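Below: the structure, in structure tokens.
Just so you know, these numbers come straight off a predicted model, no measurement behind them. Quick note: numbers below take in every heavy atom, side chains included, and nothing from hydrogens, waters or symmetry partners. If you read the sequence from its start, that first residue is 1, and numbering goes on from there.
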Amino acid sequence: MAISLTLSAPTGANAQSIDLTQGVVADPSSGVIVLTNPNGRVEAIDLNSGELKWVTEERAMPIAVSRGAVTAITEEPGVRTRFAVIGLEASSGVAFSRSAANLPSGAEFSLEPSLRGAFEAEAAPVGDRVLLRWTFERQRIGGVFRSEALDEADLTDSFDLEGGFTFTPRTGLLTSAPPSAPSPGLFEEGVSADEITPRTDGAPGILRAPSADRQFYMSSRQIESSGQPRYVWTITGAGAERPLAEVVMDVAYAPFLVHDGLLVFENRPQIQRAGGRLIETPLQIRAVALATGKPVWAREILNTEPHGSLPP
């Protein structure tokens with residue numbers, strides 16, 4: 001099951017959570033980025049240095065950071081039709097609340113990729129609460145051999161389900177809510193494909209794309225290089241006329257944010273040739289210095305995308 005998380009970018013008093021990519025939530029106001037490591041555990045990382053602040057023993061995925069609390073979702077052992085919402089102390093990772101969220105018949109939750117379906121969730125901090133909205137999409141699976149891993153329900157037609165909850169991290173209070181409650185505008189999606197404008201001169205690259213918090217914009221252009229294509233990213237503040245920095249990158253675009261002189265971005269798995277050898281890099285969050293382009297830190301994160309292709 002692939003879990004896809006998107007977070008709104010609220011303003012004012014709630015402008016803490018910034019969703020960079022799946023399971024990666026930044027809180028620039030406290031200089032922390034919270035992510036799910038490859039083992040499925042939650043880590044808090046110093047945004048400036050990449051230093052590990054804490055890691056949980058329990059497997060979970062963070063969805064929001066607000067008012068000193070991290071909200072995360074995790075599995076309920078042996079139960080696919082229920083998941084747990086937990087509140088963690090942002091400074092230490094200590095859990096101070098936990099509540100079970102029941103899913104309707106047909107919907108399932110898992111932190112691992114699965115053929116059974118895709119569970120998607122998004123969250124928006126509002127005051128001391130977090131509004132959580134989820135959807136579950138099951139696609140019909142054909143051309144497979146029967147096994148214990150797949151039951152009759154896995155071979156039915158596709159369908160979609162959705163629901164919502166409100167959660168108070170400090171108390172653990174969890175209540176059901178309509179998927180759009182109280183206002184669909186709170187769930188302003190992360191950077192969408194419509195906001196990423198390709199170059200119009202026929203050259204590889206991006207004409208304009210916003211940062212995860214929409215406080216900066218980037219454009220990119222391919223440059224001459226031996227071997228792998230390289231791109232120059234030009235970073236400009238929202239509303240600014242002059243660029244802030246130019247950084248040489250391996251890709252034309254990636255989800256990013258700018259924090260305290262750093263460019264923090266998602267680095268997709270790649271296979272590159274170096275010194276006559278092929279080197280594979282995993283899914284990571286990386287930070288480079290805007291002034292020099294030099295790497296500052298990198299952390300590997302959980303890849304929740306299904307690997308390989310579905311049967312025909």
Side-chain angles (χ1 to χ4, degrees), residues 6-12 14-22 24-35 45-51 65 188-270 272 274 281 283-299 301:
T6 56
L7 257 154
S8 67
T11 58
N14 298 316
Q16 289 179 291
S17 283
I18 299 175
D19 175 50
L20 183 59
T21 186
Q22 296 185 61
V24 181
V25 186
D27 179 10
S29 65
S30 62
V32 171
I33 188 165
V34 187
L35 53 84
I45 307 298
D46 186 285
L47 256 175
N48 293 297
S49 66
E51 176 186 357
V65 185
E188 178 185 341
E189 293 186 356
V191 177
S192 67
D194 293 339
E195 296 177 276
I196 303 174
T197 307
R199 296 181 69 92
T200 56
D201 56 7
I206 299 297
L207 181 64
R208 180 180 171 90
S211 61
D213 58 358
R214 294 177 175 80
Q215 296 302 304
F216 296 86
Y217 287 85
M218 62 80 73
S219 62
S220 66
R221 67 181 189 278
Q222 187 173 344
I223 58 175
E224 294 294 331
S225 62
S226 57
Q228 293 288 121
R230 307 298 299 277
Y231 298 84
V232 173
W233 283 26
T234 301
I235 308 295
T236 306
E241 295 182 1
R242 300 182 60 182
L244 175 66
E246 288 193 338
V247 183
V248 177
M249 303 284 283
D250 291 330
V251 294
Y253 168 77
F256 75 99
L257 61 87
V258 174
H259 171 75
D260 201 17
L262 296 179
L263 176 65
V264 182
F265 61 97
E266 178 193 56
N267 189 72
R268 302 293 300 170
Q270 299 180 56
Q272 296 181 319
T281 58
L283 183 63
Q284 297 176 322
I285 299 300
R286 289 185 177 181
V288 299
L290 281 173
T292 64
K294 291 184 178 180
V296 176
W297 58 263
R299 305 292 299 195
I301 61 174

Could you go through the side-chain contact (heavy atoms from CB on, under 4.5 Å) check for Val248 and Val232 one step at a time? CA-CA 4 Å; Val248 177; Val232 173; 4.2 Å; yes
What's the spacing between Asp250 CG and Arg230 CZ if we round to 0.5 Å? 4.5 Å
With the side chain counted from C-beta on, respond yes when Leu47 and Leu262 share a heavy-atom pair under 4.5 Å apart, and no when they do not. no
Under the side-chain contact (heavy atoms from CB on, under 4.5 Å) criterion, do Ile45 and Glu51 qualify, and how do the steps go? CA-CA 6 Å; Ile45 307 298; Glu51 176 186 357; over 6 Å; no
Heavy atoms from other residues, nucleotides or ligands near CZ of Arg268 exceed 12 (cutoff 6.0 Å): yes
Do the side chains of Glu246 and Arg221 get close enough for a salt bridge, i.e. N-O under 4.0 angstrom? yes
Consider side-chain contact (heavy atoms from CB on, under 4.5 Å). Of Val24, Leu20, Val296, Val258, which one does Val264 pass it with? Leu20
N/O donor-acceptor pair under 3.5 Å between Ser220 side chain and Ile206 backbone: yes
Closest approach of Ser211 to Asp213 (non-hydrogen atoms, all atoms of both residues): OG-OD1, 2.6 Å
Run the side-chain contact (heavy atoms from CB on, under 4.5 Å) check on Val251 and Trp233 step by step: do they pass? CA-CA 9 Å; Val251 294; Trp233 283 26; 4.3 Å; yes
Over all atoms of both residues, closest heavy-atom pair of Phe256 and Phe265: CB-CB, 4.0 Å
Tested for side-chain contact (heavy atoms from CB on, under 4.5 Å) against Val65, the lone hit among Val25, Ile18, Val32 is Val25
Of the non-hydrogen atoms in Ala254 and Glu266, which two are nearest, and what is the gap between them? CB-O, 3.2 Å
